[in-house]
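Within every chain, numbering begins at 1; the chains are lettered A, B, ... in the order of the sequence lines, protein sequences first and strands thereafter.
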Protein chains: 2
Amino acid sequence: METPEVHNLASDADIERAARCLKAMSHPLRLKILCVLSTEKMSVQDIVEKVGTSQSNISQHLAILREKDILNYKKDANRVFYYIDDPRMLKLIEMMRLVFCQTPTF
Amino acid sequence: METPEVHNLASDADIERAARCLKAMSHPLRLKILCVLSTEKMSVQDIVEKVGTSQSNISQHLAILREKDILNYKKDANRVFYYIDDPRMLKLIEMMRLVFCQTPTF
DNA sequence: CCTATTTTTTAGCATTTACTAATATTAGTG
DNA sequence: CACTAATATTAGTAAATGCTAAAAAATAGG
């Protein structure tokens, strides 16, 4: 009996946090946004063009990522530039690429 | 539109696949199930005890993970043992642990 | 067969999600 | 100020999700 409970995402708090983050990443458009932003800071308009859906839709997805602290942003005059601040998030995205793309993985 | 576009989860197909997988992992109970199974094969009953919700609920979550090919299973008499088959999935879970737990982040 | 145990499936319902269309806000420009 | 461009917000609606409770399958043992 593991009394001290080791289910290796240590605590339930960790689990909740991770699940919330995964959920935020688990929509195709949001994942694509993250991929696009993993290499460069970008304005909403640019994201709209790269990702391809309505401006309103992108904005709503950006809001979700923003609220979950997955994206950060900086206003510049008329425009808003979004970017990924947290190195852990970058690492995670890189990991996804490793796992989900045409990869020999090991 | 799709110019030779590198948004680094290579294709939209990759994105869809990754998003579907992430979505499957993005529920606290399912994530906990995955964590628990990342070290050992386990019967449904054992998972119920480790994870903690109704048996029916666990079974439904297992079905979701199974249908997305995230979990594999083996029947043994009365019982069904679930396990993670894909080494990429194991790698991903390990990654989550690195990113979401008491982490040095790098 | 009858029964007990383990697991899956189903039904019903409340909640959340995602989208479109329309409107509002913010900032720059003439 | 009026006008335009960029972004955010709101409202409405259709679909998906997650849960509980109840019923069904599957398997083993007497």
Side-chain angles (χ1 to χ4, degrees), chain A residues 12 15-37 40-85, chain B residues 12 15-37 40-85:
Chain A
D12 279 5
I15 294 265
E16 291 287 339
R17 213 159 48 86
R20 236 176 308 123
C21 179
L22 288 178
K23 187 172 168 196
M25 306 175 66
S26 72
H27 186 284
L29 290 178
R30 288 198 294 270
L31 189 53
K32 208 166 167 184
I33 289 172
L34 290 175
C35 288
V36 153
L37 290 179
E40 43 175 339
K41 187 172 306 200
M42 223 178 253
S43 75
V44 176
Q45 201 41 242
D46 288 344
I47 297 171
V48 167
E49 278 156 29
K50 280 266 189 192
V51 170
T53 177
S54 72
Q55 185 275 318
S56 168
N57 198 10
I58 286 289
S59 185
Q60 290 176 65
H61 283 301
L62 287 172
I64 289 169
L65 292 168
R66 203 170 68 215
E67 280 155 19
K68 299 274 161 61
D69 290 317
I70 293 173
L71 288 184
N72 209 334
Y73 65 98
K74 214 177 58 174
K75 295 195 163 194
D76 181 17
N78 220 357
R79 285 178 292 178
V80 181
F81 286 83
Y82 280 85
Y83 59 99
I84 300 176
D85 214 6
Chain B
D12 280 5
I15 294 264
E16 290 289 338
R17 212 159 49 85
R20 236 175 309 121
C21 179
L22 288 177
K23 187 173 169 195
M25 304 175 69
S26 73
H27 186 284
L29 290 177
R30 289 197 294 270
L31 189 53
K32 208 165 167 184
I33 289 172
L34 290 175
C35 288
V36 152
L37 290 179
E40 44 177 338
K41 187 172 306 202
M42 224 178 252
S43 76
V44 176
Q45 201 40 242
D46 288 344
I47 297 171
V48 168
E49 278 157 28
K50 279 269 189 191
V51 169
T53 177
S54 73
Q55 189 276 323
S56 169
N57 198 9
I58 287 287
S59 184
Q60 291 177 66
H61 283 302
L62 288 173
I64 290 169
L65 293 168
R66 200 170 71 215
E67 281 154 19
K68 300 276 161 61
D69 290 316
I70 293 173
L71 289 184
N72 208 334
Y73 65 98
K74 215 178 56 175
K75 294 196 163 194
D76 180 19
N78 219 357
R79 284 178 291 177
V80 181
F81 286 82
Y82 280 85
Y83 59 99
I84 299 175
D85 214 6

Do [X] and [Y] come within less than 4.5 Å of each other through their side chains, counting heavy atoms only?
{"X": "A/Phe81", "Y": "A/Asp76", "answer": "yes"}
{"X": "B/Leu71", "Y": "B/Ile33", "answer": "yes"}
{"X": "A/Val80", "Y": "A/Tyr73", "answer": "yes"}
{"X": "A/Leu31", "Y": "A/Ser26", "answer": "no"}
{"X": "B/Tyr82", "Y": "B/Ile47", "answer": "yes"}

Write down the distance between [atom1] ([X]) and [atom2] ([N]), rounded to a whole number of angstrom.
{"X": "A/Leu62", "N": "D/dA6", "atom1": "CG", "atom2": "P", "answer": "16 Å"}
{"X": "A/Gln45", "N": "D/dT4", "atom1": "CD", "atom2": "P", "answer": "17 Å"}
{"X": "B/Met42", "N": "C/dT6", "atom1": "CE", "atom2": "P", "answer": "16 Å"}
{"X": "B/Tyr73", "N": "D/dT27", "atom1": "OH", "atom2": "P", "answer": "11 Å"}
{"X": "B/Arg66", "N": "C/dT8", "atom1": "CZ", "atom2": "C1'", "answer": "8 Å"}
{"X": "A/Ile47", "N": "D/dA6", "atom1": "CD1", "atom2": "P", "answer": "14 Å"}
{"X": "B/Glu67", "N": "D/dT17", "atom1": "CD", "atom2": "P", "answer": "11 Å"}
{"X": "B/Arg20", "N": "D/dA16", "atom1": "CZ", "atom2": "C1'", "answer": "15 Å"}

Between B/Tyr82 and C/dT6, does any side-chain N or O lie under 4.0 Å from OP1 or OP2? no
Decide side-chain contact (heavy atoms from CB on, under 4.5 Å) for A/Lys74 and A/Lys41; before the verdict, give the C-alpha distance in whole Å, the side-chain angles of both, and the deciding distance to 0.1 Å. CA-CA 9 Å; A/Lys74 214 177 58 174; A/Lys41 187 172 306 200; 4.0 Å; yes
Which atom pairs link the protein and nucleotides 18-24 of chain D when you take only N or O atoms and keep those under 3.5 Å?
residue : atom : partner : partner atom : Å
D/dG18  : OP2  : B/Arg30 : NH1          : 3.2
D/dC19  : OP2  : B/Asn57 : OD1          : 3.0
D/dC19  : OP2  : B/His61 : NE2          : 2.6
D/dT20  : O4   : B/Gln60 : NE2          : 3.1
D/dA21  : N6   : B/Ser56 : OG           : 3.0

Between B/Ser59 and B/Ser56, is there a donor-acceptor pair closer than 3.5 Å when you use the side chain of the first and the backbone of the second? no
Distance-only, no hydrogens or angles: does the B/Arg30 side chain make a donor-acceptor pair with backbone N or O of B/Met25 under 3.5 Å? no
Return a single string for nucleotides 25-30 of chain C, one symbol per nucleotide in 5' to 3' order, where B is base contact, S is sugar-phosphate-only contact and - is none, cutoff 4.0 angstrom on heavy atoms. -BBS--
Can you tell me if CZ on A/Arg79 sees more than 12 non-hydrogen neighbours from other groups inside 6.0 Å? no
